[in-house]
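Everything on this sheet refers to the single structure shown next.
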Amino acid sequence: MRTWIVTGGAGFIGGCFVRQAIERKIAKIINLDKLTYAGNLDSLREIEHSPDHLFVEGDIGDGERVGQLLREHQPDAIINFAAESHVDRSIDGPREFVKTNVLGTFELLLATLAHWKERTGSAKESFRFLHVSTDEVYGSLGAEGKFTETTPYQPNSPYSASKASSDHFVRAFHHTYGLPTLTTNCSNNYGPYQFPEKLIPLMILNALEGKPLPVYGDGQNVRDWLFVEDHCSAIGRVLEAGRVGEVYNIGGNCEQKNLDVVQTICRVVDELRPGLPHGPCEKLITFVKDRPGHDRRYAIDITKIHDELRWQPSVDFAEGIRKTVAWYLAHPAWIEGVTSGKYRRERLGLTQH
């Protein structure tokens, strides 16, 4: 069986990728995660006893630790999910985004390059470094058009600027040193286990609790939504057959206005949890002041990954939202743990078990 090091594998997207790999017996996973507020081992409970999954708490910016893991496990690939990812947090505290997304990725690349240079033969030739990025590096679209792999970078937030920088370092390490890299840029993800600061889980939980559903500006900002399991299957396909040095955009072919997303969530919550005293949930929608630098529209052109790798999304938005709402309804203990911070306190030994 192949061995992969997955960074950020206790987060939302990385965790989904790890679960898929283990459940489908695709690879043995060495899961390196710093366990910040968004990294949660509760999201890995179903595979915690698998002999093919080893969790290691650590920072991608710790080159010595990464080098040790590379020497010990001799992985066939590194898949880098590790990142600070919430735009609002990047506006309030951009330094952490530079530290993790830029400097952390740089140190990870340095350690990987040293490891790759020591490999020989087919082990060197087949090795891959796959960097997971975002469509936000491309900036904002007008009413027409979609982002392609050749769209110029125009990041508009500290988050997207930090991811753009990391993308450029990945490209540079390939073109300068020959490191066999791949980069994916994805649209907005949603699905089970997503930390509830993001739009969709926040709206689900607020709707259940009768709290306001805050919508930025006029609610007409457009995003291309991608079910997280589809995203992870696409990453697996790029890792398997993508051309070295190339970029692949991954999207859901599903443009939705933010207000429409919230209204859809309200209808599904009303249906799956009838009789809420504050229902119908749409009454809870509240328009709030727009955030600084809020991009108006994102949309991904998936022609390249479809034509080259024969991948396309399999879950449409209606099905994906229904699955997501149902999952949050069925997992109150996970929700309580992440919203209260209990999972972090227990990890630090600050609460009784």
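Just the heavy atoms: all of them, side chains too, but no hydrogens, waters or symmetry mates, feed the values below.
Checked against side-chain contact (heavy atoms from CB on, under 4.5 Å), Leu309 has the following partners two or more places apart in sequence or in another chain: Arg237, Val238, Ala241, Tyr248, Ile305. The side-chain hydrogen bond (donor to acceptor under 3.5 Å, both in side chains) check on Ser90 picks up nothing, with sequence neighbours excluded. For Glu149, there are no side-chain hydrogen bond (donor to acceptor under 3.5 Å, both in side chains) partners at least two apart in sequence or on another chain. Contacts of Thr134 classified as side-chain contact (heavy atoms from CB on, under 4.5 Å), with partners at least two apart in sequence or in another chain: Glu136, Val137, Tyr159, Lys163. When the side-chain contact (heavy atoms from CB on, under 4.5 Å) test is applied to Asn156, the partners found at least two apart in sequence or on another chain are Ser140, Asp295. Not counting sequence neighbours, the partners of Thr303 by the side-chain hydrogen bond (donor to acceptor under 3.5 Å, both in side chains) test are Asp301. Scored by the side-chain hydrogen bond (donor to acceptor under 3.5 Å, both in side chains) test, Ser187 finds no partners at all (sequence neighbours excluded).
Here Val244 sits alone; no ILVMFWY side chain lies under 4.5 Å from its own, so it joins no hydrophobic cluster.
Counting only residues at least two apart or in different chains, salt bridge (Lys or Arg N to Asp or Glu O under 4.0 Å) contacts with residues 200-214 comprise Glu209-Lys211. Counting only residues at least two apart or in different chains, salt bridge (Lys or Arg N to Asp or Glu O under 4.0 Å) contacts with residues 309-330 comprise Glu271-Arg322, Glu319-Lys323. Residue pairs satisfying the salt bridge (Lys or Arg N to Asp or Glu O under 4.0 Å) criterion with at least one member in residues 254-264, sequence neighbours excluded, are listed as follows: Glu255-Arg297. Listed by first and then second residue, the ring pair (Phe, Tyr, Trp, His ring centres under 6.0 Å) pairs that reach into residues 129-153 are Tyr138-Phe147, Tyr138-Tyr153, Tyr153-His168, sequence neighbours excluded.
Under the 3.5 Å distance criterion, with hydrogens and angles disregarded, a donor-acceptor pair is assigned to the side chains of Ser314 and Asp230. Between the side chains of Ser133 and Asp167, at least one donor N or O sits under 3.5 Å from an acceptor N or O. Side-chain contact check for Gln68 and Arg65: at least one donor-acceptor pair (N or O, by modelled atom type) lies under 3.5 Å.
Interatomic distance, Thr3 OG1 to Ile78 CD1, rounded to the nearest 0.5 Å: 12.0 Å.
Nearest heavy atoms, Pro75 versus His115: CD-NE2, 4.0 Å.
Of the candidates Trp334, Tyr328, Phe12, Trp334 is the only one forming a ring pair (Phe, Tyr, Trp, His ring centres under 6.0 Å) with Tyr193.
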